[in-house]
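By convention in this document, chain letters (A, B, ...) are assigned in the order of the sequence lines, proteins followed by strands, and residues within each chain are numbered from 1.
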Amino acid sequence: MATFPPVEEQLEYIGKGAAEIIREPELRERLERSRASGKPLRVYAGFDPTAPDLHLGHTVLLRKLKHFQDLGHTAIFLIGDFTAMIGDPTGRNVTRPPLTEEEITRNARTYLDQVFKILDRERTEVRRNSEWFGKFGAAEFIKLAAKYTVSQMLEREDFHKRFQDEKPISMHELLYPLAQGYDSFMLQCDAQLGGTDQKFNLMVSREIARAYGAANSEIVLTTPLLEGTDGVQKMSKSYGNYIGIAEPPREMFGKIMRVSDELMWRYWELLTDISMSGIEAMKQQARSGTNPMLFKKGLAQRIITDFHGEAAAKQALEDWEKQFQRDEVPEDVETAVLGLVSDAGKFDLVPLQSASGAPRAAKKEFAGEARPLVRADKMLTLAGLADSASDAQRKLKQNAVRINGEIQSAHTLKLESLPMEFVVRVGRKMKKIVIAGA
RNA sequence: GCACAGGUGGGUGAGCGGUUAAAACCGACAGACUGUAAAUCUGUUGCCCCUUGGGGCUACGGAGGUUCGAAUCCUCCCCUGUGCACCA
């Protein structure tokens with residue numbers, strides 16, 4: 001029989017970092033009952049596999065789910081593979097297009113690869129709502145829809161607003177919360193977790209579950225939405241302010257360091273297991289003169305360790321310090337290999353597969369007039385340092401391009417030998433470019 | 001089906017026959033400043049081509065049309081919203 005920590009202790013742990021707990025007394029009761037009976041609570045959070053990757057924002061909720069695991073309860077990770085086809089209202093007053101089945105399957109798979117960096121695989125029940133909705137008939141769906149009314153739906157602020165503003169609201173969007181409610185009924189769980197943006201859906205869930213005769217209305221716990229790197233809007237891929245948990249360590253490090261000092265504390269709070277008092281202590285130090293950058297580096301280290309391990313985190317720190325603090329070239333800069341081709345005395349660059357080592361084109365030296373003239377804007381574009389030739393030209397004009405440390409503003413440059421290597425920096429991007437014969 | 005209101009660049013949103021690659025704001029990018037911070041200031045912000053300046057090509061839901069000239073006017077179509085009708 002499982003044993004659980006004292007109820008008060010559990011409540012404190014659960015409450016940490018939670019935005020809201022609806023029916024906390026009920027939660028206490030259930031914890032007491034489970035402790036007495038040795039029966040773990042069933043707690044679930046659903047995820048729509050709508051994006052191919054999870055980002056740090058999602059991990060706030062995952063962490064909360066993990067907290068229940070830590071206490072000995074059962075965590076249920078529900079993949080909304082069926083509901084993803086409906087498409088959750090975005091809350092951005094725009095109807096989101098539903099995904100195709102393949103996209104959903106693919107996304108679900110990557111989710112599973114990623115979530116166990118946080119959750120304990122052994123103690124996680126993974127479910128999919130296609131289990132029940134897959135064989136749900138139209139009649140049953142209509143029966144489900146009959147459990148709720150339009151005016152109840154319009155209580156949702158987003159719907160209400162769109163309705164008033166004469167903006168489109170698709171029927172399928174209204175179905176979404178209903179389906180979610182059915183999920184929670186099928187899972188027979190004690191509590192449902194979700195972001196604060198899900199509150200409406202979570203509340204509908206309780207009522208639907210009850211309408212279907214679930215024993216007790218479940219407990220709802222919401223977690224705050226993590227602000228994205230801009231510090232304003234919630235982290236989301238579509239706002240481009242996210243940090244993906246599958247991103248390479250160096251990328252992550254850079255993004256975390258670019259977060260404002262203010263936001264950094266929020267990240268400490270929601271993305272690490274450091275206690276509030278520990279965070280307070282750091283804040284205090286920062287106030288009395290310690291460079292906040294130090295804590296930011298620490299934060300980056302911690303987060304990267306979670307997803308890539310300690311060694312990678314250390315490497316990322318070193319690389320970052322090298323590139324940005326000492327203006328040196330990190331060990332393994334990304335390399336782009338370009339080929340030089342000539343056509344009637346004119347030279348041009350083409351992309352070349354960098355994959356299998358150096359191209360075997362012969363080495364060459366050039367002198368005087370024979371030195372090939374190549375366009376810098378083309379080079380930058382092909383190397384991925386500019387979006388287009390026009391963009392590259394602008395950057396050249398703005399003195400944003402440095403080749404081997406020297407500002408390059410002319411739009412051509414002469415090669416001296418083949419292969420030729422440059423370290424090119426444009427803003428905060430840095431790449432090694434190798435030009436070889438094609 | 002009818003009526004009315006709408007559909008503009010990454011977003012919001014002006015323009016309503018020419019000087020409009022399209023105001024303004026936001027975002028994004030770059031420079032200065034720094035701690036690669038943030039804030040601030042400055043510049044840039046469709047694509048392509050040629051020797052720091054210039055040239056060309058696309059673009060305002062879609063297709064046609066009127067005009068020397070259209071995002072701006074006309075016709076048809078598509079999409080969204082609202083109201084009415086339909087639901088025998």
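- Donor-acceptor pairing under 3.5 Å, judged by distance alone, is absent between the side chain of Q398(A) and the base of rG31(B).
- A donor-acceptor contact under 3.5 angstrom links the side-chain atoms of D261(A) to the base of rG35(B).
- In this structure, R109(A) does not pair ionically with D113(A), as no charged nitrogen and carboxylate oxygen lie closer than 4.0 Å.
- Using a 4.0 Å cut-off between charged nitrogen and carboxylate oxygen, E334(A) and K432(A) do not count as a salt-bridge pair.
- One can place CG of L396(A) at 14 Å from P of rC49(B), the figure rounded to the nearest angstrom.
- Residues S184(A) and Q192(A) come closest through the heavy atom pair CB-NE2, 3.8 Å.
- When distances run from any side-chain atom of K397(A) to the nucleotides rA30(B), rU52(B), rC48(B), the shortest one goes to rU52(B).
- If G254(A) and R375(A) are placed on RNA chain B by their nearest nucleotide, the residue sitting closer to the 5' end is G254(A).
- Taking only side-chain nitrogens and oxygens, Q325(A) comes nearer than 4.0 Å to OP1 or OP2 of rU36(B).
- Separating the CE atom of M430(A) from the P atom of rA30(B) is a distance of 13 Å, rounded to the nearest angstrom.
- R425(A) has no side-chain polar atom (N or O) that falls below the 4.0 Å cut-off from OP1 or OP2 of rU36(B).
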Exercise for review: Go through Q198(A) and Q180(A) one step at a time and tell me if the side-chain contact (heavy atoms from CB on, under 4.5 Å) criterion holds.
Suggested key: CA-CA 10 Å; Q198(A) 291 291 310; Q180(A) 190 172 334; 3.6 Å; yes
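- rA24(B) and rG15(B) have their P atoms separated by 14 Å, with the value rounded to a whole Å.
- Look at CG on D391(A): it is 14 Å from P on rU44(B), rounded to the nearest Å.
- Classification of R128(A) and D183(A) as a salt-bridged pair fails, no side-chain N sitting under 4.0 Å from a carboxylate O.
- Per the geometry, CZ belonging to F324(A) stands 15 Å off P belonging to rG35(B), to the nearest Å.
- Nearest to the side chain of S260(A), among rU36(B), rC47(B), rA38(B), sits rA38(B).
- When rounded to the nearest whole Å, the span between CG of L263(A) and P of rU36(B) equals 18 Å.
- If you check every strand for non-hydrogen atoms under 4.0 Å, F295(A) touches nothing.
- If you take atom C1' in rG65(B) and the same atom in rA70(B), they sit 12 Å apart, rounded to whole Å.
- Residue R394(A) places at least one side-chain N or O under 4.0 Å from the OP1 or OP2 atom of rC47(B).
- Rounding to whole angstrom units, CZ of residue R428(A) and P of rG35(B) are separated by 18 Å.
- In a base pair of the Watson-Crick type (N1 to N3 plus N6-O4 or O6-N4) or a G-U wobble (N1-O2 and O6-N3), with each distance short of 3.5 Å, rC29(B) is matched with rG43(B).
- Nucleic acid contact for S388(A): sugar-phosphate only, since backbone atoms but no base atoms lie under 4.0 Å from a heavy atom of the residue.
- At a threshold of 4.0 angstrom between heavy atoms, the contacts of G240(A) with the nucleic acid are absent.
- Taking the P atom of each, rC47(B) and rC29(B) are spaced 15 Å apart, rounded to whole Å.
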Check your understanding: Does the ring pair (Phe, Tyr, Trp, His ring centres under 6.0 Å) test come out yes or no for F77(A) and Y44(A), once each step is laid out?
Key -> CA-CA 6 Å; F77(A) 180 79; Y44(A) 106 91; over 10 Å; no
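- Rounded to whole Å, the C1' atom of rA39(B) lies 14 Å from the corresponding atom of rA32(B).
- Separating the P atom of rU52(B) from that of rU67(B) is a span of 43 Å, rounded to the nearest Å.
- rC16(B) sits 16 Å from rA21(B) when the P atoms are compared, rounded to a whole Å.
- The salt bridge (charged side-chain N to carboxylate O under 4.0 Å, His left out) contacts involving residues 54-63 of chain A comprise R63(A)-D273(A), R63(A)-D306(A), where partners must be two or more places apart or lie in separate chains.
- Between E262(A) atom CD and rA39(B) atom P the separation is 12 Å, expressed in whole Å.
- Rounded to an integer number of Å, the gap from E251(A) CD to rU36(B) C1' is 13 Å.
- Phosphate proximity of rC49(B) to K378(A): present, with a side-chain N or O under 4.0 Å from OP1 or OP2.
- Side-chain proximity of M293(A) to the nucleotides rG35(B), rC50(B), rC48(B) is greatest for rG35(B).
- Each of K255(A) and A400(A) has a nearest nucleotide on RNA chain B; the 5'-most of these lies closest to A400(A).
- Comparing the P positions of rA88(B) and rG7(B) gives an interatomic distance of 37 Å, to the nearest angstrom.
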